[in-house]
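First up is the structure itself, then whatever we jot down about it.
Numbers for residues simply follow the sequence, beginning at 1. Note that the structure is predicted; figures quoted are calculated from it, not measured.
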Amino acid sequence: MTPTESASTEGASTEGAATALGSAVIVGTGLIGTSIALALRQRGVRVFLADRDAGAVRLARELGAGEDWRADRTVDLAVIAVPPPFVAQWLLDLQKSETARAYTDVASVKELLIAQAAQLGCDLSTFVAGHPLAGRERSGPAAARPDLFLGRPWAFCPTPEASGPAVAAVLELIGLCGGNAVRVDAAEHDRAVAVVSHAPHVTAAAVAARLAEASDTALGLSGQGVRDVTRIAAGDPALWTGILSGNAVPVAEVLEAVAADLANVARSLRMLAGDGAAVAGVTELLWRGVRGTGRIPGKHGGPASTYAVVQVVIGDRPGELARLVQAAGQAGINIEDIRLEHAPGLPLGAADLYVQPEAAEALAEGLRERGWQVP
């Protein structure tokens, strides 16, 4: 799955299909749907909102995401932002009402969804399945942000039946939201997200589930490491059950491979007391993990960078993080990333500032000169 440099659409020509997205309806005003609506509104698109949850629509509207949808209105594009099991039926209903000239969705599973749409008799010439790979642990319209998709991959999976205008409309949507369009076959998409999204979520949930039974002593000793590993496990279980059900076989295959690795390590650990050579099985997996982490693209989509870390003691007070970032700017250093770790029971914590290796010493010295405590 590689980024499309020219947004080409092999098998679905876009010649003469240039479009100007003037209006859209967002069906589903959760995190993703409302974030799309906010992004489109910032780019001057007229946005209408629809959801079976009247409260969610009202909140999204109050946030400036758009206006209430009227069923007799026709728009340029309908974005179906509902859980995967309901996308195909929504597509059919919207097409029957001639709601839009083109249709897309944001579900994280594609092959089963397209098959369901075909089985229901949906018009696949006006539909291009899509999936923005962006999100947050929080859900609902209150968590929405117009910049959620900036620089993030946004998969689109046109079938052979997809028309040029439909593909062009979806590409324009992705561009207006600041996403990085990635054309990919639906089956390949599902195998890919099983590795990079779905199986990691289940794995994080399995680790987090151990914490539900952990002692107070263990929880009191928890640090940033366990927070990093379990962060995504806080996602909505009902939503994730639908996602996993729609991509069951690819996810199961990844989890079986992960389980095999863990079982091998567990056997090696049990043997360690009597056979020091068993440590090789543990070390091998740890090194594979290091290599895998190194393959995750960097913040600009290129190869991952190796940064130096400058740790700074920071007070748990309003405005402290802003002051720290400003001090780094005054020192002439660009911060590539920031991670915070709080000190339990104390009104302070540590900020890990990730910078280019050659800038680390200058940043540390610059911060010390401005009164910051750099260990």
Side-chain angles (χ1 to χ4, degrees), residues 9 11-12 14 17 19 21 23-37 40 45 47-53 56-57 60 66 68-133 154-174 176-177 179 181 183-187 189-190 193 239 242-243 245-247:
T9 51
T14 58
T19 181
L21 194 61
S23 60
V25 59
I26 311 298
V27 180
T29 50
L31 167 64
I32 299 299
T34 304
S35 294
I36 291 174
L40 292 179
V45 178
V47 177
F48 301 94
L49 307 170
D51 197 307
R52 287 174 177 163
D53 182 346
V57 172
D68 287 336
W69 167 248
R70 291 207 321 263
D72 61 347
R73 188 182 296 276
T74 299
V75 295
D76 296 320
L77 179 68
V79 180
I80 305 170
V82 301
F86 308 108
V87 172
Q89 186 61 55
W90 265 108
L91 175 61
L92 180 65
D93 294 343
L94 291 170
Q95 287 183 335
K96 284 182 175 179
S97 300
E98 299 183 348
T99 297
R101 298 176 180 86
Y103 303 82
T104 189
D105 75 298
V106 299
S108 64
V109 293
K110 300 277 74 112
E111 189 175 28
L112 177 61
L113 184 155
I114 292 172
Q116 291 172 336
Q119 186 175 20
L120 287 175
C122 295
D123 179 7
L124 296 184
S125 71
T126 61
F127 175 67
V128 178
H131 176 208
L133 282 90
W154 192 314
F156 68 107
C157 309
T159 62
E161 298 91 341
S163 68
V167 173
V170 172
L171 287 173
E172 185 171 1
L173 166 72
I174 297 171
L176 290 172
C177 291
R183 187 184 192 280
V184 61
D185 173 75
H189 166 276
D190 289 356
V193 295
L239 174 63
I243 292 171
S245 299
N247 201 23

What's the shortest heavy-atom distance between [X] and [Y], and which atoms?
X: P132; Y: I32; value: CG-CG2, 4.1 Å
X: A100; Y: A78; value: CB-N, 3.6 Å
X: L124; Y: A117; value: CD2-CB, 4.1 Å
X: Q116; Y: P84; value: OE1-O, 4.4 Å
X: L120; Y: Q89; value: CD1-N, 3.8 Å
X: C122; Y: A88; value: SG-O, 3.7 Å

Legend entry - Matching residue for W154 among L133, I174, L171 - test: side-chain contact (heavy atoms from CB on, under 4.5 Å):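 Of all the options given, the one that passes is I174.
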Are [X] and [Y] side-chain neighbours, meaning at least one heavy-atom pair lies under 4.5 Å?
X: I36; Y: L173; value: yes
X: P158; Y: V167; value: yes
X: W69; Y: V27; value: no
X: D123; Y: Y103; value: no

Inset, instruction - Could you check D190, D105, D185 and say which one makes a salt bridge (charged side-chain N to carboxylate O under 4.0 Å, His left out) with K110? - result: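 Exactly one candidate clears the test, D105.
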Any side-chain to backbone donor/acceptor pair from [X] onto [Y]? Under 3.5 Å, distance only.
X: D76; Y: S23; answer: yes
X: T34; Y: T29; answer: yes
X: S125; Y: E161; answer: no
X: T104; Y: V128; answer: yes
X: E172; Y: L21; answer: yes

Nearest 0.5 Å, what's the [atom1]-[atom2] distance between [X] and [Y]?
X: L31; Y: S35; atom1: CG; atom2: OG; answer: 4.5 Å
X: L91; Y: I114; atom1: CG; atom2: CD1; answer: 10.5 Å
X: L239; Y: I243; atom1: CG; atom2: CD1; answer: 4.0 Å
X: T99; Y: L77; atom1: OG1; atom2: CG; answer: 11.5 Å

Inset, instruction - List the steps and the verdict of side-chain contact (heavy atoms from CB on, under 4.5 Å) for F127 and L94. - result: CA-CA 11 Å; F127 175 67; L94 291 170; over 6 Å; no
